[in-house]
Number of protein chains: 2
Amino acid sequence: MERSGGGDPRETLRLLWRQGKPRSGRGRPPKITLSTIIAAAISVADGKGVDAMTMDKVAAALDVGTMTLYTHVPGKAELIDLMVDAAWQSLELSDAGSWRAQVTHYAHQTLALHARHPWLRSISTVRPPLGPGLFTRQNHLLAALSETALPPSEATAAVDAIVTFVDAAAATEAEHAQASAVSGEPEDDWWSARQLFWEEIFDPARYPAIARSWAEGGFDRTASEARVNAFDIGLRALLDGINVMAAMAADETHQRESRVSER
Amino acid sequence: MERSGGGDPRETLRLLWRQGKPRSGRGRPPKITLSTIIAAAISVADGKGVDAMTMDKVAAALDVGTMTLYTHVPGKAELIDLMVDAAWQSLELSDAGSWRAQVTHYAHQTLALHARHPWLRSISTVRPPLGPGLFTRQNHLLAALSETALPPSEATAAVDAIVTFVDAAAATEAEHAQASAVSGEPEDDWWSARQLFWEEIFDPARYPAIARSWAEGGFDRTASEARVNAFDIGLRALLDGINVMAAMAADETHQRESRVSER
DNA sequence: CTCGTTTCCGTAGATCGTACGGTATCCTTT
DNA sequence: AAAGGATACCGTACGATCTACGGAAACGAG
């Protein structure tokens with residue numbers, strides 16, 4: 001797996017925020033820029049996955065020698081950081097409506113983002129690229145939750161929980177499409193090829209709950225419908241829970257204020 | 001990224017369920033078995049991540065030539081499938097208590113599982129290995145939720161939502177530990193090396209919600225504490241939401257039965 | 001002892017990231 | 001107009017890595 005946040009911090013940050021010194025004018029003019037490299041890399045990865053995103057292919061897409069890329073980017077790890085942040089920059093956020101509406105909007109935009117860039121899931125962002133894309137996301141969600149009465153540390157936790165769930169669910173959904181596209185084998189075909197599993201190997205006695213759910217129609221939906229359902233249910237449940245937390249926090253604040261005013 | 005579910009279905013299923021023909025007795029006796037290969041591969045990946053889990057290293061750990069592995073396993077993709085399912089087989093489930101208690105127990109065991117095997121996150125299971133490990137998990141969660149009044153298709157969706165959230169949160173937590181171990185750079189050091197970001201690049205005016213949360217102590221917890229908090233909050237919220245769904249479903253069933261008995 | 005069976009494994013080709021150093025093309029200075 | 005410095009381009013080569021191929025080795029049966 002690719003992991004972001006590996007290279008020299010100063011250099012990577014300079015690239016993320018496009019703080020390179022402006023060209024002096026002297027010297028051979030560049031055929032490509034940082035932005036065109038990132039765009040080409042994203043384009044390659046969109047089509048065939050991160051695995052297929054090799055420096056060779058990116059260079060070829062730009063009609064440039066492979067090593068030319070290294071004039072603009074320290075290495076592949078840094079390029080991936082830049083791709084991730086660029087992808088998040090394309091997220092369309094909305095300030096309209098309640099915090100719930102904003103978060104729901106965010107969730108659906110994230111779904112679309114992962115659909116556009118299925119490779120996002122493949123990149124661990126435990127040490128995230130500290131770029132505009134991810135900061136904008138964090139800022140937006142924190143701003144939305146500041147409408148609730150949650151104390152700062154709980155608001156941060158709530159944002160983390162939202163990001164974790166939404167990102168995971170969106171990534172899963174996108175992966176299915178990606179798997180079909182890359183392997184050239186639609187999901188239905190993949191399951192059909194494993195028909196023999198149910199016929200020859202699966203033992204209902206060993207997995208009674210699965211067998212019963214099957215018999216009662218628990219798997220009647222298409223796989224895709226089932227995932228959409230899980231996404232909606234999970235998001236709604238999560239926001240309900242945050243709502244409860246916020247109400248409790250508001251109560252406590254209120255009680256404290258009452259006590260103060262009673263003196 | 002590695003993606004599971006790629007190889008020949010029949011062969012992979014045979015390996016997952018250990019349905020190979022028993023040895024005839026004739027021929028050169030094997031130095032290694034399928035199980036020892038899987039164990040060695042897991043051991044290598046545990047220490048250094050999937051990237052470092054090369055066929056060379058696995059073979060070396062078994063004191064065997066690299067190509068010997070291919071006598072027992074069709075290729076690396078299939079070996080990864082086997083590793084994933086073996087890992088999930090090690091999950092310790094519990095039938096004790098309410099469905100909520102069971103799911104919470106599952107969540108904490110999953111946390112431990114990812115802590116043991118941080119590489120799990122790196123493997124996409126959109127086309128999962130159809131082995132005992134994953135079936136046992138699915139069966140257990142479905143059985144737990146059958147205690148609620150949820151209709152089958154909603155129970156399936158609820159299980160999916162739980163798996164999505166728990167897996168993502170547990171994986172994130174594990175990744176932090178893994179990142180520190182592999183890079184040899186503790187999380188604190190990583191952030192320290194990026195101190196200059198806050199000093200030279202971060203613009204509070206552009207990200208007011210982050211700046212305000214910072215000022216009000218929203219980031220006072222250590223990163224690790226904050227994640228634990230997000231995990232607990234998210235799980236509680238999710239289960240609350242499922243509880244509400246179940247109550248509504250029970251109501252509807254009850255009303256339907258009342259109508260019937262009124263005739 | 002020989003033969004069939006099963007397993008072990010060395011070699012080699014293909015693909016990928018990137019270090020190194022040379023080359024090409026521009027502007028500025030003289 | 002020529003020289004020099006700056007900047008960008010890129011061909012070659014090396015070390016990993018996966019795995020196809022085919023031969024060698026070790027066993028039981030006859």
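Quick note on labels: first sequence line is chain A, next is B, and so on, each numbered from 1.
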Checklist entry - OP1 or OP2 of D:dT7 less than 4.0 angstrom from a side-chain nitrogen or oxygen of A:Ser24, does that happen here? => result yes
Next on the checklist: Using 0.5 Å steps for rounding, measure from the NE2 atom of A:His114 to the CG atom of A:Asp167.
Outcome noted: 4.0 Å
Checklist entry - Is the shortest side-chain N/O distance from A:Arg23 to OP1 or OP2 of D:dA8 below 4.0 Å? => result yes
Checklist entry - So does B:Thr66 get a side-chain nitrogen or oxygen closer than 4.0 Å to the phosphate oxygens (OP1/OP2) of C:dC9? => result no
Item to check | Options C:dC8, D:dT19, C:dC20, nucleotide nearest the side-chain atoms of A:Met67 | outcome: C:dC20
Checklist entry - Side chains of B:Arg116 and B:Ser90: donor-acceptor distance under 3.5 Å anywhere? => result yes
Next on the checklist: In this structure, how many angstroms lie between the P atom of C:dC8 and the CG atom of B:Asp63, rounded?
Outcome noted: 12 Å
Checklist outcome for this item: Closest non-hydrogen atoms of B:Ala211 and B:Pro204, given as atom of the first, atom of the second and distance, are CB-CB, 4.0 Å
Checklist outcome for this item: A:Ile37 atom CD1 is separated from C:dG17 atom P, nearest whole Å, by 14 Å
Checklist entry - So, is A:Lys31 near the phosphate of D:dC10, with a side-chain N or O under 4.0 Å from OP1 or OP2? => result yes
Checklist entry - Relative to the 5' end of DNA chain D, which residue comes earlier, B:Asp56 or B:Gly27, by the nucleotide with the nearest heavy atom? => result B:Asp56
Item to check | Whether B:Tyr207 and A:Phe135 hold their rings parallel, tilted or perpendicular, with breakpoints at 30° and 60° | outcome: tilted
Next on the checklist: So, OP1 or OP2 of D:dA24: does either fall under 4.0 Å of a side-chain N or O from B:Arg28?
Outcome noted: no
Checklist entry - B:Arg26 has a side chain; which of C:dT7, C:dT5, D:dC9 sits nearest to it? => result C:dT5
Checklist outcome for this item: Of the candidates D:dC18, C:dT7, C:dT18, the side chain of B:Met55 sits closest to D:dC18
Checklist entry - Are any of the side-chain heavy atoms of A:Met53 and A:Ile80 separated by less than 4.5 Å? => result yes
Item to check | Rounded distance (Å) that lies between atom C1' of D:dC18 and atom CD1 of B:Ile80 | outcome: 12 Å
Checklist entry - How long is the line joining NZ of A:Lys57 and C1' of C:dA14, in whole Å? => result 13 Å
Checklist entry - Are any of A:Lys76's side-chain N or O atoms less than 4.0 Å away from OP1 or OP2 of C:dG17? => result yes
Checklist entry - Quick one: B:Leu69 CG to C:dG10 C1', roughly how many Å, whole number? => result 14 Å
Checklist entry - If you check every side-chain atom of A:Thr54, which of C:dG17, C:dC8, D:dT19 has the closest atom? => result C:dG17
Checklist entry - To the nearest Å, how far apart are B:Tyr70 OH and C:dG10 P? => result 15 Å
Checklist outcome for this item: By nearest-nucleotide position on DNA chain D, the 5'-leaning member of B:Pro74 and A:Gly65 is A:Gly65
Checklist entry - Over how many whole Å does the gap from A:Leu62 atom CG to D:dC10 atom P extend? => result 11 Å
Checklist entry - Taking CG from A:Leu79 and P from C:dT18, how many angstroms apart are they, rounded to a whole number? => result 10 Å
